[in-house]
Number of protein chains: 2
Amino acid sequence: MHSLEALADPTRRRIVELLSERERTAGELVESFDISAPAISQHLNVLRAAGLVSTRADGQRRIQSLNRAGLDEIGRWLETTRAFWSRRLDTLERELRAEDAKARRKSP
Amino acid sequence: MHSLEALADPTRRRIVELLSERERTAGELVESFDISAPAISQHLNVLRAAGLVSTRADGQRRIQSLNRAGLDEIGRWLETTRAFWSRRLDTLERELRAEDAKARRKSP
DNA sequence: TGCTTAATTAAGATTAAGCTTAATTATTAG
DNA sequence: CTAATAATTAAGCTTAATCTTAATTAAGCA
């Protein structure tokens, strides 16, 4: 269970949020923060080790994207504590559906 | 967003797992680990600050139980990264329903 | 009352996380 | 080939996390 450890850091959570919008190069991510490029690179190492992010090369750029594997790991942990979590997940799922329906009504 | 930080530690994750089965006193939790009582007490402080655990007194015992608030915070974060996560949540939700149905068939 | 049990807070040591600058690798452009 | 760009790895520093033992609080019981 590395993925929850990876998401403990606020900078790494922000990286995941940015990548959930769209893929970005390491350099683009650096511009979004006030810390050095090596610091971002190290955070990406952690996210990669946790299976949350995948990196592919495009010339001298490194394109970062979110990876399903790390999310599955969190899902699996949620299942183990399911007795308590499941009701909450049901509620969340309903909220998501309601929001989706609302969004679809606005832009069908 | 303290709850993801609280769940970064493996001991605290285990505490949450144990409490998802049933409420336990601080002393019962201590017996489940190889670390000192003060260490467990400190972990419970973190979980309490994150809103994941509630503590109520019963005489000289302190009964620990899981709290909905911390889980809601994680749910909210999942919503912010929803674009990517929602499909995963749908899948997880289906799995949970399938397992529930199976369990209900065994013991109706 | 005083003694025991349950749990906490306090203080200090050790380890690990996260940041920096400097050096290194690899790719593109002149 | 050389210089510039993109990103990484390496080394070292600082702060924060986690554990320990010792001291403290509070409740139950002879």
Side-chain angles (χ1 to χ4, degrees), chain A residues 1-19 21-67 70 73-74 77, chain B residues 1-19 21-67 70 73-74 77:
Chain A
M1 167 59 59
H2 289 140
S3 42
L4 279 170
E5 285 161 35
L7 292 177
D9 182 84
T11 301
R12 287 197 290 270
R13 278 200 298 278
R14 187 84 193 102
I15 290 174
V16 167
E17 287 169 14
L18 289 168
L19 294 181
E21 296 172 4
R22 56 182 158 81
E23 298 183 328
R24 292 173 204 246
T25 64
E28 283 174 323
L29 288 172
V30 169
E31 287 168 27
S32 301
F33 297 89
D34 283 338
I35 58 179
S36 67
I40 296 295
S41 185
Q42 285 156 22
H43 280 306
L44 287 169
N45 282 342
V46 173
L47 289 168
R48 216 175 291 121
L52 281 162
V53 164
S54 296
T55 303
R56 67 174 192 280
D58 175 32
Q60 64 198 131
R61 311 279 169 83
R62 298 286 180 278
I63 300 177
Q64 316 293 332
S65 58
L66 278 189
N67 192 332
E73 200 177 4
I74 292 179
W77 188 80
Chain B
M1 167 58 60
H2 289 138
S3 42
L4 279 170
E5 285 161 35
L7 292 176
D9 183 85
T11 301
R12 286 196 292 269
R13 278 199 298 278
R14 187 83 192 103
I15 288 174
V16 167
E17 287 169 15
L18 289 168
L19 293 181
E21 295 172 6
R22 55 182 159 82
E23 299 183 327
R24 290 171 206 248
T25 65
E28 283 174 322
L29 288 171
V30 169
E31 287 168 27
S32 302
F33 297 89
D34 284 337
I35 60 178
S36 68
I40 295 294
S41 185
Q42 287 156 18
H43 281 306
L44 288 169
N45 282 341
V46 174
L47 289 168
R48 217 175 289 121
L52 282 161
V53 164
S54 296
T55 303
R56 69 175 190 278
D58 176 33
Q60 64 198 134
R61 311 280 169 85
R62 298 286 179 278
I63 300 176
Q64 317 293 331
S65 57
L66 278 189
N67 192 332
E73 200 177 5
I74 292 178
W77 188 80

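So that the names make sense, note that chain A is the first sequence line, chain B the second, and so on, each numbered from 1.
B/Arg56 comes within contact range of no nucleotide atom at all, as no heavy-atom separation falls under 4.0 Å.
There is a side-chain donor-acceptor pair under 3.5 Å between B/Arg48 and B/Thr55.
Taking 4.0 Å as the cut-off between side-chain N and carboxylate O, A/Arg13 and B/Glu5 count as a salt-bridged pair.
In this structure, A/Leu44 and A/Leu29 have side chains that are in contact, with non-hydrogen atoms separated by less than 4.5 Å. A 4.5 Å side-chain heavy-atom check between A/Ile63 and A/Arg24 finds every atom pair outside the cut-off.
Taking only side-chain nitrogens and oxygens, A/Arg48 comes nearer than 4.0 Å to OP1 or OP2 of D/dT8.
Taking the salt bridge (Lys or Arg N to Asp or Glu O under 4.0 Å) definition, one finds that B/Glu23 meets it with B/Arg56, sequence neighbours left out.
At whole-Å resolution of the value, CD1 in B/Ile63 and C1' in D/dA27 are 14 Å apart. In this structure, A/Arg24 places its CZ atom 14 Å from P of D/dA7, rounding to the nearest Å. Whole-Å rounding puts the B/Leu7 CG to D/dA17 P distance at 15 Å. Between the CZ atom of B/Arg61 and the C1' atom of D/dT25 there is a distance of 17 Å, given to the nearest Å. We find that CG of B/Leu4 is positioned 15 Å from P of D/dA17, with the value rounded to whole Å. Rounded to an integer number of Å, the gap from CG of B/Asp58 to P of D/dA27 is 12 Å.
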Q. Given B/Val46 and B/Arg12, is the side-chain contact (heavy atoms from CB on, under 4.5 Å) satisfied, shown in steps?
A. CA-CA 9 Å; B/Val46 174; B/Arg12 286 196 292 269; 3.6 Å; yes

Q.
At under 4.0 Å between heavy atoms, how does the protein contact nucleotides 15-26 of chain C? Give one character per nucleotide, 5' to 3', with B, S or -.
A. ---SBBBB----

